Amino acid sequence: MSDKYRRVAYYPGCALEGTGHAYNRSTKEVGKSLGLDLVELRNWNCCGAMEVKNVDPKLQTYLSARNLAIAEDMGFDTVMAPCNGCYHNLKKAEYELGHDAKAREVVARISTKAGHSAYQAGHVTTIHALDWIKEAIGEEGLKARVRNSLKGLKVANYYGCMYTRPRHIFPEKDQGPGSESSSKPHFMDDLLAAAGAECVEYPLKTACCGGAHTLSDSDTSTKLVLNLLTTAEACGADVIATECPTCHSGLEMHQVRAEKVFGHATKVKILYFTQLLGMALGLSARRVGVPENLSNASDLLRARGLG
Amino acid sequence: MAAMPPALSPEQVIARFDDVIRLPADALVAAAPELGEELLLLGESVLESWLVAHNRQPTEARVEGFRLLGLHRRAAKGDPSFNACRETCRELVYYRNLVQAGPGHPDVAQRLRLEAMVARHLALFVSSKLEVAGFGEFCCSSRPLHAQDASSAESD
């Protein structure tokens, strides 16, 4: 276990204040229950998401770098971002500032104009909520704290695309035993298994959900999500566990849309991994925001004695 | 030399995957090795469609013994590309190998269905990308990655 992750800077990002509110709530509740301290970044800004990256990648680097600079100013060397998009963008900014002189020049110029010091690569490490719990508590620590085992719950763990891609911005992954894998990620599987869940083999754990095109090409997104859902069901899953608000919203919305547009209903439920962990730690379903989900898992959770 | 157009369109390939997924278990078991190989070849045809549509020669080169991975490596270079499908291609190969290694295994029908579902995801993604080149370019950030490889796009 690592004491350095017991108190980290917290960057929720925009989605966790909107559609991903249940992820924000459950992440904070799990942290509290585990005795971990999250300190939210002061006056944080958008990481650049997908939109800014599309228009001006260097501006996106600046936006993410500003958040890293805030973490450093607050005295932190680690910032935790539960949203895959935020996590990805902060990691990407870190990489670019370490490898691209033009990126450093642009960030320095805009930072000066904005009246704050420019972030220098190597001062703050960005981690995901999965890294946070895995490193700070670990599987054994989690097992010891489980009050309401997820035993009997079959879970397909869906990591989405931005948690592992592109590989070069995640130098800590693929470092052998104990590290995360970029081709077959397993940290979420490890944590939920420690909480008693039966994690099924799910071959589409990093496959595209069409999230970025959900408005411009809804049918494509629906077809991709439907394939994710039906494959999870074919694997025997009761639940798809998510770790990204964009993926989560996409799976929930297109599950409904697949039934309406294509007449294909699926039963698998969609829950944030932090919601499942929270219930395993003895928190109520309400406390971890389950009623905020579109996917109604209450019958399943009640039947399993959860929530 | 212009490449021959693939025999089936991505839509026809998707329909074939749907057919395989719907087959009863005994039919899957009876044709296990052949179906496993057919699904892999159909996956290759999806990538061939992408390369042909972009006036690029589908490679015969193999990566780790598989043409599918060789085709993906070629298709992931240049702009646009679909670097995002790397793991999907590897999962397709993995399930094909499971089926070939154990055609009499009690889980072979399930493995074939999963192979078809993985292949269907590849086909859905690529057929979407054939219509909208930007599909997936910025969410998993494949564009900056393959932009660095653009100069060696046809080198393999």
Side-chain angles (χ1 to χ4, degrees), chain A residues 48-55 57 60 84-85 88-89 91-92 95-96 100 159-169 181-185 201-213 216-217 219-228 230-236 244 246-247, chain B residues 10-11 14 17-18 20-22 25 69 76 81-96 98 107 109-149:
Chain A
M50 290 173 247
E51 294 77 5
V52 179
K53 191 159 48 178
N54 197 344
V55 176
Q60 184 264 309
N84 275 4
H88 167 104
N89 282 337
K91 297 292 273 188
K92 187 164 163 288
Y95 178 86
E96 294 201 341
D100 182 352
Y159 294 79
C161 62
M162 288 188 283
Y163 176 67
T164 53
R165 297 194 192 102
R167 281 177 289 167
H168 67 261
I169 67 171
S181 164
S182 66
S183 55
K184 266 191 186 281
E201 185 175 316
Y202 184 47
L204 296 177
K205 53 170 61 173
T206 64
C208 178
C209 70
H213 294 260
S216 58
D217 187 0
D219 281 357
T220 290
S221 297
T222 304
K223 287 176 191 169
L224 286 165
V225 167
L226 185 57
N227 200 45
L228 295 173
T230 52
T231 303
E233 290 188 345
C235 294
C244 169
T246 307
C247 299
Chain B
E11 291 70 26
I14 291 169
F17 293 146
D18 291 343
V20 172
I21 291 163
R22 282 193 292 262
L69 302 183
S81 82
F82 47 92
N83 178 63
C85 286
R86 173 179 169 266
E87 283 75 29
T88 309
C89 289
R90 299 187 77 84
E91 288 289 343
L92 176 49
V93 167
Y94 169 71
Y95 278 97
R96 176 267 180 198
L98 282 181
D107 292 339
Q110 166 76 350
R111 289 171 175 177
L112 274 166
R113 284 204 186 95
L114 291 179
E115 183 182 347
M117 288 173 157
V118 170
R120 183 167 65 182
H121 213 83
L122 176 69
L124 284 168
F125 186 89
V126 174
S127 60
S128 301
K129 208 163 165 57
L130 280 168
E131 290 180 25
V132 183
F135 193 79
E137 291 288 297
F138 291 99
C139 39
C140 64
S141 197
S142 58
R143 183 184 287 271
L145 180 66
H146 62 68
Q148 294 166 7
D149 293 337

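Numbers restart at 1 for each chain; the letters A, B, ... are given by sequence-line order, proteins then strands. No experiment lies behind these values; they were computed from the predicted model shown.
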Rounded to the nearest 0.5 Å, how far apart are [atom1] of [X] and [atom2] of [Y]?
| X | Y | atom1 | atom2 | result |
| --- | --- | --- | --- | --- |
| A/Thr231 | B/Leu114 | OG1 | CG | 7.0 Å |
| B/His121 | A/Leu204 | NE2 | CG | 5.5 Å |
| B/Asp18 | A/Asn227 | CG | CG | 8.5 Å |

Quick one: closest heavy-atom pair of A/Thr230 and B/Met117, and the distance?
->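 Closest heavy-atom pair between A/Thr230 and B/Met117: O-CE, 3.8 Å.
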Does B/Arg86 reach the side chain of A/Arg165, with side-chain heavy atoms less than 4.5 Å apart?
->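 Not touching, per the 4.5 Å side-chain cut-off.
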Between A/Ser182, A/Pro203, A/Gly160, which has the largest tally of heavy atom pairs under 4.5 Å with chain B?
->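 Ranked by heavy-atom pairs under 4.5 Å with chain B, first place is A/Pro203.
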Greatest number of heavy atom pairs closer than 4.5 Å to chain A - which of B/Glu115, B/Gln110, B/Arg113, B/Glu131 |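 Greatest number of close heavy-atom pairs with chain A: B/Gln110.
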Apply salt bridge (Lys or Arg N to Asp or Glu O under 4.0 Å) to the pair A/Lys184 and B/Glu91, showing each step before the final yes or no.
-> CA-CA 10 Å; A/Lys184 266 191 186 281; B/Glu91 288 289 343; 2.8 Å; yes
